[in-house]
Amino acid sequence: MEYSCVSLLIFWMSLLCFLISTQGRWHHHHHHTKHKHHSHHDKMPEISAPHEPSIALAPEPSGPPDDENSGVSTEVFDVRKFGAIGSGVTDDTNAFKMAWDTACQVNSSSTIYVPNGFSFMIQSTIFTGPCQGGLVFQIDGTLMPPDGPEEWPKNNSKRQWLVFYRVNQMSLQGGGAIDGRGQKWWDLPCKPHKGINGTTLPGPCDSPVAIRFFMSSNLTVQGLKVKDSPQFHFRFDGCQNVHVELLHITAPALSPNTDGIHIANTNGVQIYNSVISNGDDCVSIGSGCYNVDIRNLTCGPGHGISIGSLGNHNSKACVHNVTVRDSVIKVSDNGVRIKTWQGGSGAVSGIMFGNIHMISVRNPIIIDQFYCLTKDCLNQTSAVYVSDILYEGIKGTYDTRSPPMHFGCSDSVPCTNITLSDIELLPAQGDIVLDPFCWNAYGELETLTIPPVYCLREGVPRSILDNKDMDHC
């Protein structure tokens, strides 16, 4: 009996040990499997949330992820979350204004995101600052205005389309496009129509500038493709610290007044690494501009790179410290040009044009102090004083309809201190080399030039020495 009890006790103890061991192995296996499943879930791609309604009054930031390399957290506002459709027909103006107003109130850096694959039609609009933080306007899609003057709302200004006013620290950028839809504006009867039977008739002629920055600072414009503006493509008025890079601006060669970039009363400007082909100046520099650096620009067809026109309607104009270098100008009416009206005052000084390649350009180097758009301009004694102009490393070919160098200076206010160095300009066709033209121009040759320049006068004229206020600006 004792033996049976001991045997029974051993049996139950063995069974209990077996059950404990089995439960331990099951628990270990179950825990291990769960842990492996959790690790696998971490590597799975995140599933996108369902698409939100296209209209929302106060959307959360959305759009492309933050730049991991920037180290800056940016709130992103997709214009579609504010009701923009992007069909190219629907008016998306209010959605863009709501996106701007929302992003503008964010204390940190914020981005307005215009997505790729959509075309957004926007009416004439002013985006007003100042904003609370830095702002990026990221255009990866297409922006366009109403199609022509007939579609333009009567209450909207016909002189401007998109205006950025009193904005500080803004970047207008992206891989998208801005299409100005300018053809119907160019066809207005009041516009100059070149070619056979070209006519210009009286009538309303206001046409919008595509992109205008007014009284703004610390601006960046880069990467965009801009085409067919009704008038200027970009205009900067009263701005400071402007950086433009990697722009591609195009319009037909005969499109009127389609300057690529126009600046006025603006300083601290950098225009780099861009291509501009249009119907007027690639870059035009108006009065009140200084500290302007233009580098690696491909320009043409068009009217070249111009300082001016200055002094219109007997106004005072001042431009100084402008550099244009390392650029190409091709198949253009002008190369590097300074143009002023008679009757103006002020001064243009400290200008350097260097390392510029000309390809079949009609007026590669030109100073024109008798600039006039009609044939009935009267001679006037006062003029904008042009001095301290350096041309260095200007080479290439010119269209033989005009001389390769033209220095036409005021009768009463001569140009002074014009310096030529390493100039080599040859006719694009034929063997006839035209002589440079000079009128009341003073300067010197640092090296021999092709063609030779014999017409520059030496020294400084007495009229300039006696008038100490000549270059007052």
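What you are looking at is a predicted structure, and each value in this text was computed from that prediction instead of being measured. The analysis underlying the following values was restricted to heavy atoms, covering all of them including side chains, and did not include hydrogens, waters or symmetry mates. Heads up: numbering here begins at 1 and tracks the sequence.
Between the CG atom of Asp91 and the CZ atom of Phe120 there is a distance of 12.5 Å, given to the nearest 0.5 Å. Once rounded to the nearest 0.5 Å, the distance linking CD of Gln138 with CD of Gln173 reads 4.5 Å. A distance of 7.0 Å separates CD1 in Ile389 from OG in Ser349, rounded to the nearest 0.5 Å. Here the NZ-OG1 distance, from Lys225 to Thr142, works out to 10.0 Å after rounding to the nearest 0.5 Å. One finds the CG atom of Asp280 at 8.0 Å from the OG atom of Ser306 (value rounded to the nearest 0.5 Å). The CD atom of Glu392 sits 9.0 Å away from atom CG of Asn355, with the distance rounded to the nearest 0.5 Å.
Ion pairing of Arg337 with Asp368 is absent here, as no side-chain N (NZ or NE/NH1/NH2) approaches a carboxylate O to less than 4.0 Å.
Contact of the Pro115 side chain with the Asp78 side chain is registered, since non-hydrogen atoms from C-beta on lie closer than 4.5 Å. Using a 4.5 Å heavy-atom cutoff, the side chains of Thr400 and Gln429 are not in contact. A heavy-atom distance below 4.5 Å is found between the side chains of Met405 and Ile423. When side chains are defined from C-beta on, Val79 does not count as touching Asp92, because their heavy atoms never get closer than 4.5 Å. Put simply, the side chain of Ile365 does not reach to within 4.5 Å of the side chain of Phe353, judged on heavy atoms. Using a 4.5 Å heavy-atom cutoff, the side chains of Asp228 and Trp186 are in contact. Taking the side chain as every heavy atom from C-beta outward, Leu135 and Val167 never approach each other to under 4.5 Å. At a threshold of 4.5 Å between non-hydrogen side-chain atoms, the residues Asp281 and Lys339 count as touching.
Using modelled atom types, one finds no donor on one side chain facing an acceptor on the other under 3.5 Å when comparing Asn296 with Asp326. Thr416 and Tyr385 share a donor-acceptor pair across their side chains, judged by distance under 3.5 Å alone. Trp152 and Ser124 form no side-chain donor-acceptor contact under 3.5 Å, judged by distance and modelled atom types alone. Residues Asn291 and Asn267 have side chains that never bring a donor and an acceptor to within less than 3.5 angstrom of each other. With hydrogens and angles left out, the side-chain atoms of Asp293 and Tyr272 include a donor and acceptor closer than 3.5 Å. Side-chain contact of Asn273 with Glu245: a donor-acceptor pair under 3.5 Å is present, judged by distance alone.
Heavy atoms of other residues, nucleotides or ligands lying less than 6.0 angstrom from CG of Leu426 number more than 12. Taking a 6.0 Å sphere around OH of Tyr290, one finds it holds 12 or fewer heavy atoms contributed by other residues, nucleotides or ligands. Heavy-atom contacts from other residues, nucleotides or ligands closer than 6.0 Å to NZ of Lys191 number more than 12. Lys316 NZ: more than 12 foreign heavy atoms inside a 6.0 Å radius.
Nearest approach of Gly88 to Arg181, heavy atoms of both residues: O-NH1, 4.5 Å. Between Asn334 and Ile329, the closest heavy-atom pair is O-CG2, 3.8 Å. Residues Gln369 and Val384 share a closest heavy-atom pair of NE2-O, 2.5 Å. Contact between Ser217 and Asn168 at its shortest, heavy atoms only, is OG-OD1, 2.8 Å. Between Pro364 and Pro404, the closest heavy-atom pair is CD-O, 3.3 Å. Closest heavy-atom contact between Ile418 and Ala441: CD1-CB, 4.1 Å.
Partner His262 forms a ring-ring contact (aromatic ring centres under 6.0 Å, His included) with one of Phe213, Phe234, Phe232, Phe236 and no other, that one being Phe232. Each of Val292, Ile261, Ile263, Thr266 was evaluated against Val242; a single residue qualifies, Thr266, per the side-chain contact (heavy atoms from CB on, under 4.5 Å) test.
Relative ring orientation between Tyr371 and Trp341 is described as perpendicular, the plane-to-plane angle rising above 60° on a 0-90° scale split at 30° and 60°.
Between the side chain of Ser327 and the backbone N or O of Leu297, at least one donor-acceptor pair lies under 3.5 Å.
Listed by first and then second residue, the disulfide (SG to SG under 2.5 Å) pairs involving residues 198-254 are Cys190-Cys205 (not counting sequence neighbours).
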